[in-house]
Amino acid sequence: MAESAILEGLNPAQYEAVTYTGGPLLVVAGAGSGKTRVLTHRIAHLIEDHGLSPFEILAITFTNKAAGEMRHRVGWLVGPVAESMWVSTFHAACVRILRRDAAYIDYPTRFTIYDQGDAVRLCGYVLRDLNLDHKRFPPRSVHAVISAAKNDNIGADEYAERASNIYERRIAEVFSTYQRRLASAGAMDFDDLLLRTVELFRNNPEVLERWRQRFSHVLVDEYQDTNPVQNELVISLGAQSRQVTAVGDADQSIYAFRGADIRNILEFERAFDDVRIVVLEQNYRSTQNILDAANSVIVNNTGRKPKDLWTDRGSGPSIVRYHADDETDEARYVVSEIVRRRQDEHMGLDEMAVFYRTNAQSRAVEEQLIKAEVPYRLVGGTRFYDRREVRDAMAYLKAVTNPGDEVSVKRALGVPKRGVGATSVAKMDAYAAENGLTFHEALRHCAEAGVTGRSATGAGQFCALIDDIASLQASPAAVLQELLERSGYLDELRSEKSVEADGRLENLAELVGVAGEHDAMDDFLEAVALVADTDDLADPGSDESAVTLMTLHSAKGLEYPDVYIVGLEDGVFPHIRALTEPHELEEERRLAYVGITRAMRQLTVTHAWSRLLYGSRQYNPPSRFLKEIPEDLVHTVDGSRMARSRYYRRSRRERSLDRASINRDEIVDRALDAGRQARPSPSGADRLGLKVGDDVRHSQWGEGVIIDIRGEGDDAQASVRFASVGDKQLLLSWAPLQKI
DNA sequence: GCATCCCCCATTTTT
DNA sequence: TGGGGGATGC
């Protein structure tokens, strides 16, 4: 067989990753190593050269955007047949499976999907109904606990069995009630979409068999970001055909905080005993300097598999490091460089991006960009579908399609104001619970629930509206428009006549526009529930070339010739909350790795001597990640001397201990404070009488301060920052340490 | 039932 | 510094 064009121009590793068909395949794809290329070409190769029907392929990506891109690129290689291929997120694939087999799990085919906001709300209702103190049990965090359990493949029953203290037993109670309420609302939260599919497969071998037959090839991108449930899903689907491809890079795992588990990559290797592993190390994106910097940062993480990115494109310019006075000076420098490169080097603004650790940091940069009249695009922030008016409108639609949906009915009932307040709602809730009714049914019989007067009138009007609209046979857009009009929602906004209200009206008009793209209401609801990407929405004024501003997390998967990473200070990046937790610190380091490897040609890193944070001025030491970049790769630019002298003057007192940890007291205090909420202090360290923040003396290295303690008893280890030699890891039972 | 004020708190984010 | 939520007052 003649080699098809699909295999042209691949390097040997890529070639193998594309053509290997001997069974399970794990592609370890370093940043910029042509991962997407491998995936799309592999799919195209299967279709074109092996005669596979696209219908048999399941390709999983992490975001809808990535799915769209992949479909497009495969289509480009093999033509329109690509359309029949399932390329989607885990969640979207699960919805399709569940809708088809809803009967097996006792759910209506048209179940409602609760996004995080809805789910938190329902959690709140449950907490209130169980009379739990909302100070000790905030809905957000309770939901987070439940969600984490579900991501870990632990359902309500199992959680209850495992609950080992009063707090967990309470949560277990909430958990099972929450699940019951979801079921009676005919709703699933995001985690359920995955968990229910796994359960469906687990409990119904014939169903699993059918889907296994259907998908002879499964490919999963960003495997390092999968959680245990997703992992089980992949393994069970692929167990028979064994034609499973996982692509990922453990060094780019930055979502452990939301349940992703790097160990899934290992788990994958274990589940299929003869996994072929292909490592892609050749980078086609960055200069060697940038790669060297990235490599030498990430190498500080423990327990990772060695992987060194390289390129044949030459070393390129030095990495620029700028010491700013404060966040304003930092932003001013970045913007001045952006302006300079645009003029002197004729670079386009869309070739440049600024990354930061937290969204709040965008502000200083934005101010300077505005001042310099440089157009910019801010990625992130409040998403379109998270806007209040959009959520309200969607609640109306969901209430109409599924009156059992408690959360949506309650939300819609509240806006615009109808005189039905918390007390009436509580009465109807109680009535519903007593008589085994849904909230909506109780609403219909509000008189019997003891609701009278204005509240009763409002409730009646609301029910009538919902009924009227439900009987309407019209397109999603028409239904939505009708609802907004007749509920009085639009009138309320129109009469407000503020800039804000006008914005809301615009957003609603846009939502009606999106609805117009769907013929069936179910399609529209599902699309909105599963698509959070604002990028998919038409954004008129965005043709203009603009600098991109975003968090390091959002930057994953992207690349820019000119990258600025700001705020490289201990306490900012790595974030203060990661300082006392080695695992989190390593995740921050991976985040740094992701950030650095976004840069194609020029990387600029900045830090400020002082920074206004949370309304007060803070003095943070340079980020440890900066120190991990070899000096010979870096060209240092200093900010104004004045700021530095101010900085030193302020900290003369602390400087006697150590230049690098000048304000160690503050840092340690705040790290401790942040860490304290997260976990109790280890008992082993207590016995030794040492805790984070204690000053200690070492027989060889002199004075230092404990910045972290982990492990128990004789195994207890401490990270100690010494004035003489920097950070050291010490086994407490051995180390010649003395508390000062 | 609803508006207002004040206090508290503070990552990262996709589905 | 600023937003969200709870308590308070009308």
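Letters go in sequence order (proteins before strands), and every chain restarts at 1.
Residue contacts for A:Tyr255: at a heavy-atom cut-off of 4.0 Å it reaches the sugar-phosphate backbone alone, with no base atom in range. As judged by a 4.0 angstrom heavy-atom cut-off over every strand, A:Glu587 is placed among residues making no nucleic acid contact. Within the 4.0 angstrom heavy-atom criterion, no nucleotide atom of any strand lies near A:Asp115.
For A:Phe257 and A:Phe190, each mapped to the nucleotide of DNA chain B holding its nearest heavy atom, the one lying further toward the 5' end belongs to A:Phe257. Take the nearest nucleotide of DNA chain B for A:Ile254 and for A:Phe90: the residue whose nucleotide is more 5' is A:Ile254.
Judged by distance alone with a 3.5 Å cut-off, a donor-acceptor contact links the side chain of A:Arg357 to the base of B:dT12.
Nucleotide B:dT15 holds its P atom 8 Å from the CZ atom of A:Arg258, rounded to whole Å. Taking atom CZ of residue A:Arg140 and atom P of nucleotide B:dT12, one finds them 11 Å apart after rounding to whole Å.
Look at A:Arg617 and you won't find any side-chain N or O under 4.0 angstrom from OP1 or OP2 of C:dT1. Between A:Thr551 and the phosphate of B:dT11, there is no side-chain N or O to OP1/OP2 separation shorter than 4.0 Å. For A:Tyr614, a side-chain nitrogen or oxygen approaches OP1 or OP2 of B:dT11 to under 4.0 Å. For the pair A:Asn359 and B:dT11, the criterion of a side-chain N or O lying under 4.0 Å from OP1 or OP2 is not met.
Classification of B:dT12 as anti follows from a glycosidic angle more than 90° from 0.
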**Report entry** Step-by-step side-chain contact (heavy atoms from CB on, under 4.5 Å) determination, A:Val572 to A:His607
**Finding:** CA-CA 10 Å; A:Val572 175; A:His607 84 267; over 6 Å; no

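Between A:Lys556 and A:Asp249 there is no salt bridge, since no side-chain N of the basic residue sits under 4.0 Å from a carboxylate O of the acidic one.
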Report task. Let me have a per-nucleotide readout for nucleotides 1-9 of chain B, 5' to 3', with B, S or -, counting only protein heavy atoms under 4.0 Å. Result -> SSS------

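Between the side chains of A:Gln224 and A:Asn264, no donor N or O sits under 3.5 Å from an acceptor N or O. A donor-acceptor contact closer than 3.5 angstrom links the side chains of A:Asp189 and A:Tyr178.
A donor-acceptor pair is defined here as one N or O able to donate and one able to accept, closer than 3.5 Å; no such pair exists between the side chain of A:Asp118 and the backbone of A:Tyr114.
Atoms CG and CG, on A:Leu122 and A:Leu127 in that order, are 9.5 Å from each other to the nearest 0.5 Å.
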